[in-house]
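Only heavy atoms go into these numbers, but all of them, side chains included; no hydrogens, no water, no symmetry mates. Note that the structure is predicted; figures quoted are calculated from it, not measured.
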Amino acid sequence: MECSLCGSPAVVHQRSSGRHLCRDHLLGSVESRVRRTLREDGGLPPGSRLAVGLSGGKDSSSALHLLHSIYGRRPGVSLVAVTVDEGIESYRPRTLESARALAGRLGVEHRVVRYEDVYGVTMDRAVEGGESHPCGLCGPLRGGLLVRAAREMGATHLATGHNLDDEAQTILMNVLRGDAARLLRGRVDVEEGRLMPRVKPLRGVPEKEVALYALLRGLPVSWEECPYASGALRSEVRGFLNRFEVDHPGAKYAVVRGFERAGRGRGGPPLGGCVRCGEPSSGELCNACRALVGRGFARA
Ligand SMILES: [Zn+2]
Ligand SMILES: [Zn+2]
């Protein structure tokens, strides 16, 4: 196959546009979509400090690389990276190595925060203790810890590597679960009584193109999968969306765009403080404390 734009050998078939793209045109296409997404979000005002959640995988590594290439030399905007160590011996050490390598290569300040230090649990011990739904514990803890670490590093914004597939899956999962609160909360995460805006530079880029981006840019990426990832509903929704996208190119994009338009300018439920840890929360307990208390790792 040849690139639809220049006739060089193609590396990808971009289903949503119907085009085949060569290496350079794919890289350019990813970069211009990321710039457009950031522009649509209003960009970063001078004085911004952007914390990037860096797992060491393809998505967050591409996100950090792209954000660094866009903001790295811009005066008044600074970047830091945060890696959450969940305490999974068979998985995290190698991904941590990739994260350290990329942050070092880009010269970005990098911090590692551990569940063990903050919550007194590790995912290995939780699973050994019979935890049957590890992602249900890990998700809220990771979210809470990322925001906390970002705040401690003086960040004004928190960026994550969620791609188009992740976002479309999450939206459909919330619809299927009837979780209106989470749908309405949209792209904004709560932080100490105020909102810490979330930046998701890759939310318009399909997973396959992000993976190619990381490969073609030669980023030091770990391709390890979390040994505890189960997510039965997510894998069903992923399968459905992938099949649907074949007959209806652009469907994933439509899900994400439609949701963004519908949710724009609308906040979630009123926020108070978590009665246990004081972090902002729409209920009595924040998500992290609810996950810990519900499993007996902490008392309300
Ligand atoms: Zn080309
Ligand atoms: Zn709490």
Rounded to the nearest 0.5 Å, how far apart are CE of Met123 and CG of Leu137?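 One gets 4.5 Å once the value is rounded to the nearest 0.5 Å.
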Taking all atoms of both residues into account, what is the closest heavy-atom pair of Ile88 and Cys226, and its distance?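 Scanning both residues completely, I find the closest heavy atoms to be CD1-SG, 3.9 Å.
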Among Arg33, Arg257, Arg35, exactly one meets salt bridge (Lys or Arg N to Asp or Glu O under 4.0 Å) together with Glu40. Which residue is that?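 Per the salt bridge (Lys or Arg N to Asp or Glu O under 4.0 Å) rule, the option paired with Glu40 is Arg257, out of Arg33, Arg257, Arg35.
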Can you name the residues that form a side chain to side chain contact (heavy atoms under 4.5 Å, CB included) with Val255, not counting sequence neighbours?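 Scan of Val255 (side chain to side chain contact (heavy atoms under 4.5 Å, CB included), adjacent residues dropped) gives Ala168, Ile171.
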To the nearest 0.5 Å, what is the distance between CG on Asp124 and CD on Glu89?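 Going from CG on Asp124 over to CD on Glu89, the span is 6.5 Å.
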Side-chain touch Leu66/Pro201, heavy atoms, less than 4.5 angstrom: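 Leu66 does not reach Pro201 side chain to side chain.
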Give me the atom names and distance for the closest heavy-atom approach of Ala159 to Leu67.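 Scanning both residues completely, I find the closest heavy atoms to be CB-CD1, 3.7 Å.
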Looking at residues at least two apart in the chain, or sitting in another chain, which of them share a side-chain hydrogen bond (donor to acceptor under 3.5 Å, both in side chains) with Lys58?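 Applying side-chain hydrogen bond (donor to acceptor under 3.5 Å, both in side chains) to Lys58 gives Glu207.
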Does Val112 sit in a hydrophobic cluster with other residues, and if so which ones, taking ILVMFWY side chains as linked at heavy-atom separations under 4.5 Å, directly or through other members?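 The other cluster members (ILVMFWY side chains, heavy atoms under 4.5 Å, direct or chained) are Leu96.
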Contact check, side chains of Val205 and Leu164, non-hydrogen atoms, under 4.5 Å: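 No, too far: nothing below the 4.5 Å cut-off.
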Side chains of Phe259 and Val175: closer than 4.5 Å at any heavy-atom pair?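 Result no, sub-4.5 Å side-chain heavy-atom pair not found.
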Who are the salt bridge (charged side-chain N to carboxylate O under 4.0 Å, His left out) partners of Glu131, not counting sequence neighbours?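 Listed in chain order: Arg295.
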Is there a side-chain contact between Tyr253 and Ser16 in this structure, where contact means two heavy atoms from C-beta onward sitting under 4.5 Å apart?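 A side-chain contact under 4.5 Å is absent here.
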Please confirm whether the backbone N or O of Leu141 pairs with a side-chain atom of Tyr119, one donor and one acceptor, at under 3.5 Å?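 Yes: the side chain of Tyr119 pairs with the backbone of Leu141.
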Atom pair NE2/OG of His162 and Ser60 - distance to nearest 0.5 Å: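 These two atoms lie 10.0 Å from each other.
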Under 4.5 Å between any side-chain heavy atoms of Val34 and Glu31, yes or no?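 Counting from C-beta outward, Val34 and Glu31 never come under 4.5 Å.
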Please answer whether the main-chain N or O of Tyr228 pairs with a side-chain N or O of Tyr91 as donor and acceptor at a distance below 3.5 Å.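 Not a single qualifying donor-acceptor pair exists.
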Step through the shown structure and confirm whether more than 12 heavy atoms of other residues, nucleotides or ligands are within 6.0 Å of CD on Glu152.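 Yes - once you tally the heavy atoms of other residues, nucleotides and ligands closer than 6.0 Å, there are more than 12.
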Quick one: OG on Ser69 to CG on Leu64, what's the gap to the nearest 0.5 Å?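 If we round to the nearest 0.5 Å, Ser69:OG and Leu64:CG are 9.5 Å apart.
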Which heavy atom of Thr156 sits nearest a heavy atom of Gly47, and at what distance?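 The answer is CG2-O, 4.2 Å.
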Would you say Asp41's side chain and Gly43's backbone share a donor-acceptor pair under 3.5 angstrom?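 Side chain of Asp41 to backbone of Gly43, a donor-acceptor pair under 3.5 Å: no, none is there.
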Verdict with reasoning, Val84 to Tyr115, per side-chain contact (heavy atoms from CB on, under 4.5 Å): CA-CA 8 Å; Val84 172; Tyr115 283 2; 3.4 Å; yes
Closest approach of Val118 to Arg148 (non-hydrogen atoms, all atoms of both residues):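 For Val118 and Arg148, the tightest heavy-atom pair comes out as CG1-NH1, 3.5 Å.
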According to a 4.5 Å side-chain heavy-atom criterion applied to Ile, Leu, Val, Met, Phe, Trp and Tyr, with indirect links allowed, do Val147 and Leu285 form part of one hydrophobic cluster?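 Result: no, two separate clusters.
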When you compare the side chain of Leu215 with that of Trp223, does any pair of heavy atoms fall below 4.5 Å?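 Yes - at least one pair of side-chain heavy atoms lies under 4.5 Å apart.
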My understanding is that only residues two or more places apart in sequence, or in another chain, count here; which of them pass side-chain hydrogen bond (donor to acceptor under 3.5 Å, both in side chains) with Asp166?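 Per chain and number, Asp166 pairs via side-chain hydrogen bond (donor to acceptor under 3.5 Å, both in side chains) with Asn163.
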To check you understand the geometry: which heavy-atom pair defines the closest contact between Arg276 and Leu292, and what is its length?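 Looking at all heavy atoms of both residues, the closest pair is NH1-CD1, 4.4 Å.
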N/O donor-acceptor pairs under 3.5 Å from side chains in residues 1-14, not counting sequence neighbours:
residue: Ser4; atom: OG; partner: His20; partner atom: N; Å: 2.8
residue: Ser4; atom: OG; partner: His20; partner atom: O; Å: 3.1
residue: Gln14; atom: OE1; partner: Ser17; partner atom: OG; Å: 2.8
residue: Gln14; atom: OE1; partner: Arg19; partner atom: NH2; Å: 3.2
residue: Gln14; atom: NE2; partner: Ser29; partner atom: OG; Å: 3.2
residue: Gln14; atom: NE2; partner: Glu209; partner atom: OE1; Å: 3.1

Mind checking whether Val30 and Leu212 have side chains closer than 4.5 Å, heavy atoms only?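 The answer is no, as the side chains (C-beta and beyond) never meet within the 4.5 Å cut-off.
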Check for a donor-acceptor pair, side chain of Arg198 on one end and backbone N or O of Thr160 on the other, with a separation under 3.5 Å.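 Here the side-chain-to-backbone pair does not exist.
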We want to know whether Arg92 and Thr95 form a side-chain donor-acceptor pair, criterion being a heavy-atom distance below 3.5 angstrom.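 Result is yes, a qualifying pair exists.
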Can you name the residues that form a salt bridge (charged side-chain N to carboxylate O under 4.0 Å, His left out) with Asp117, not counting sequence neighbours?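 Result, salt bridge (charged side-chain N to carboxylate O under 4.0 Å, His left out) vs Asp117: Arg114.
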To the nearest 0.5 angstrom, please state how far the CZ atom of Arg217 sits from the CG atom of Leu102.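 Reported to 0.5 Å precision, the distance equals 12.5 Å.
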Set of salt bridge (charged side-chain N to carboxylate O under 4.0 Å, His left out) partners for Arg125, sequence neighbours left out: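 For Arg125 the salt bridge (charged side-chain N to carboxylate O under 4.0 Å, His left out) partners, ignoring immediate neighbours, are Glu116.
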Name the atoms and distances for all side-chain donor-acceptor pairs under 3.5 Å in residues 74-83, with sequence neighbours left out.
residue: Ser78; atom: OG; partner: Arg49; partner atom: NH1; Å: 3.2
residue: Thr83; atom: OG1; partner: Leu54; partner atom: O; Å: 2.7
residue: Thr83; atom: OG1; partner: His110; partner atom: NE2; Å: 2.6

Less than 4.0 angstrom from a charged side-chain N to a carboxylate O is my criterion; do Arg203 and Glu167 meet it?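 Salt bridge between Arg203 and Glu167, a charged N being under 4.0 Å from a carboxylate O: no.
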For residues Ser98 and Gly56, report the shortest heavy-atom separation together with the two atoms involved.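 Scanning both residues, the minimum pair turns out to be CB-O, 3.7 Å.
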Not counting sequence neighbours, which residues clear salt bridge (charged side-chain N to carboxylate O under 4.0 Å, His left out) with Arg142? List them please.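 Once residues adjacent in sequence are excluded, the partners of Arg142 under the salt bridge (charged side-chain N to carboxylate O under 4.0 Å, His left out) criterion are Glu86.
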In the hydrophobic clustering that connects Ile, Leu, Val, Met, Phe, Trp and Tyr at side-chain heavy-atom distances below 4.5 Å, which members other than Phe240 occupy its cluster, ordered by chain and number?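 Under the 4.5 Å side-chain rule, Phe240 groups with Leu172, Met173, Leu176, Leu233, Val237, Leu241, Phe244.
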Hey, does Lys252 have a side-chain heavy atom less than 4.5 Å from the side chain of Pro206?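 Result no, sub-4.5 Å side-chain heavy-atom pair not found.
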For Arg234, check side-chain hydrogen bond (donor to acceptor under 3.5 Å, both in side chains) against everything at least two apart and list the hits.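 side-chain hydrogen bond (donor to acceptor under 3.5 Å, both in side chains) check on Arg234 returns Gln169, Thr170.
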